[in-house]
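Notes follow once the structure below has been shown.
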2 protein chains.
Amino acid sequence: MDARITLEDQLRAMQGEHAMGNCPVRQVMQGIFGKWSTLLLQALGERPYRFGELRRLLPDISQRMLTQTLRDLERDGYIYRKVYATKPPSVEYGLTDLGKSMLGPLGELVRWASDNFTQVDAARKRFDIAGKA
Amino acid sequence: MDARITLEDQLRAMQGEHAMGNCPVRQVMQGIFGKWSTLLLQALGERPYRFGELRRLLPDISQRMLTQTLRDLERDGYIYRKVYATKPPSVEYGLTDLGKSMLGPLGELVRWASDNFTQVDAARKRFDIAGKA
DNA sequence: CAGCATCCATTCTGATACTG
DNA sequence: CAGTATCAGAATGGATGCTG
């Protein structure tokens with residue numbers, strides 16, 4: 001079985017009402033690859049976290065971006081949001097089944113990036129030094 | 001072998017000079033997930049294409065974005081750019097070995113997105129209808 | 001044919017201040 | 001504790017006209 005998706009596959013999935021720029025596959029991918037989405041998905045892949053815990057885990061995310069990214073991930077069905085009516089209130093975030101099923105493929109790519117970022121970095125330096133920047 | 005990369009792995013890879021927001025892994029991922037990058041990488045995974053061919057293949061990309069995205073992919077070492085000094089000139093783009101090696105993991109994720117975009121779409125609708133939008 | 005330069009609109013991101 | 005609201009700057013995206 002070939003795991004490759006051809007461009008024709010994607011074109012077929014678009015059926016006219018969608019243009020290339022907003023094909024559904026790409027829309028899904030964009031949701032996963034926001035500036036903080038991948039990091040949050042991986043964190044929640046380990047265990048559920050509370051809002052404040054995530055904030056401390058990602059020291060350089062602003063509160064605004066954390067709230068917004070979590071909301072987007074919840075909207076796409078990757079994570080759940082559970083409010084405990086304690087005093088003061090606490091909110092727990094965790095992966096849904098859909099989110100868990102996505103973490104496999106995403107992990108593959110993260111692993112590739114982790115294994116190859118030095119090569120990418122080297123390529124960038126070569127390109128820039130060659131004056132093509 | 002567990003293919004998962006933990007957050008601790010990423011934190012370890014950062015070594016202080018990098019913050020979460022610009023960790024090298026994320027930088028690589030961002031390069032792959034620009035608005036058009038994935039589509040172009042997949043197209044070039046089938047065979048090399050010329051500039052004009054790519055333009056026709058992605059009808060709704062602007063010339064500016066095509067040029068820019070190709071240049072970014074070349075800079076990161078995923079594609080090569082070969083100029084034929086014909087008259088009029090023609091330019092061929094194709095995947096490098098690094099690009100080819102990345103297409104595997106990327107394809108996994110594209111396949112997941114292709115298999116699950118209806119679920120994501122359904123989740124979005126539920127969220128919006130529930131008035132949480 | 002395969003670009004580059006310019007201009008403009010939209011989106012994204014973060015800092016800051018405030019609330020149930 | 002876990003947000004919301006507002007604002008300003010940066011980055012991104014696209015339309016148009018010009019060139020070797």
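Per chain, numbering begins at 1; letters A, B, ... match sequence-line order. Scope of the values below: all heavy atoms of this structure, side chains included, with no hydrogens, waters or symmetry mates. Everything quoted here is computed from the prediction, not taken from an experiment.
- Looking at heavy-atom distances under 4.0 Å, Arg55(B) makes no contact with the nucleic acid at all.
- Taking side-chain N and O atoms only, Tyr49(B) has no distance below 4.0 Å to OP1 or OP2 of dA2(C).
- At the heavy-atom level, Tyr84(B) lies nowhere under 4.0 Å from the strands shown.
- Put simply, CD on Gln68(A) is 17 Å from P on dC7(D), counting in whole angstrom units.
- Between the side chain of Asn116(A) and the main chain of Trp112(A), a donor-acceptor pair closer than 3.5 Å is present.
- Leu66(A) places its CG atom 10 Å from the P atom of dA2(D), with the value rounded to the nearest Å.
- Put simply, the side chain of Thr69(B) never gets that close to the backbone of Leu66(B): no donor and acceptor are under 3.5 Å apart.
- Taking atom CD1 of residue Ile61(A) and atom C1' of nucleotide dG3(D), one finds them 14 Å apart after rounding to whole Å.
- Annotation: cation-pi pair Arg47(B)/Tyr49(B) present, NZ/CZ under 6.0 Å from the ring centroid and within 45° of its normal.
- Residue Arg56(B) contributes atom CZ, which lies 12 Å from atom C1' of dA2(C) at whole-angstrom precision.
- For the pair Arg71(B) and dC4(C), the criterion of a side-chain N or O lying under 4.0 Å from OP1 or OP2 is met.
- For dG14(D), the OP1/OP2 oxygens have a side-chain nitrogen or oxygen of Trp36(B) closer than 4.0 Å.
- Between Gln63(A) atom CD and dA15(C) atom P there is a gap of 12 Å when expressed in whole angstrom units.
- A tilted orientation is assigned to the rings of Tyr93(A) and Phe51(A), their planes being inclined by 30° to 60°.
- In this entry the distance linking NZ of Lys87(B) with P of dT19(D) reads 18 Å, nearest Å.
- Distance, Met65(A) CE to dT4(D) C1': 13 Å, rounded to whole Å.
- Under the 3.5 Å distance criterion, with hydrogens and angles disregarded, a donor-acceptor pair is assigned to the side chains of Tyr80(B) and Glu92(B).
- In this structure, of dC1(C), dG14(D), dC4(C), it is dC4(C) that holds the atom nearest to the side chain of Thr67(B).
- Rounded to an integer number of Å, the gap from CZ of Phe51(B) to P of dG20(D) is 18 Å.
- Arg64(A) contributes no side-chain N or O that forms a donor-acceptor pair with the base of dT16(C) under 3.5 Å.
- For Lys35(B), taking side-chain heavy atoms from C-beta onward, the closest of the listed nucleotides dC1(C), dG13(D), dG3(D) is dG13(D).
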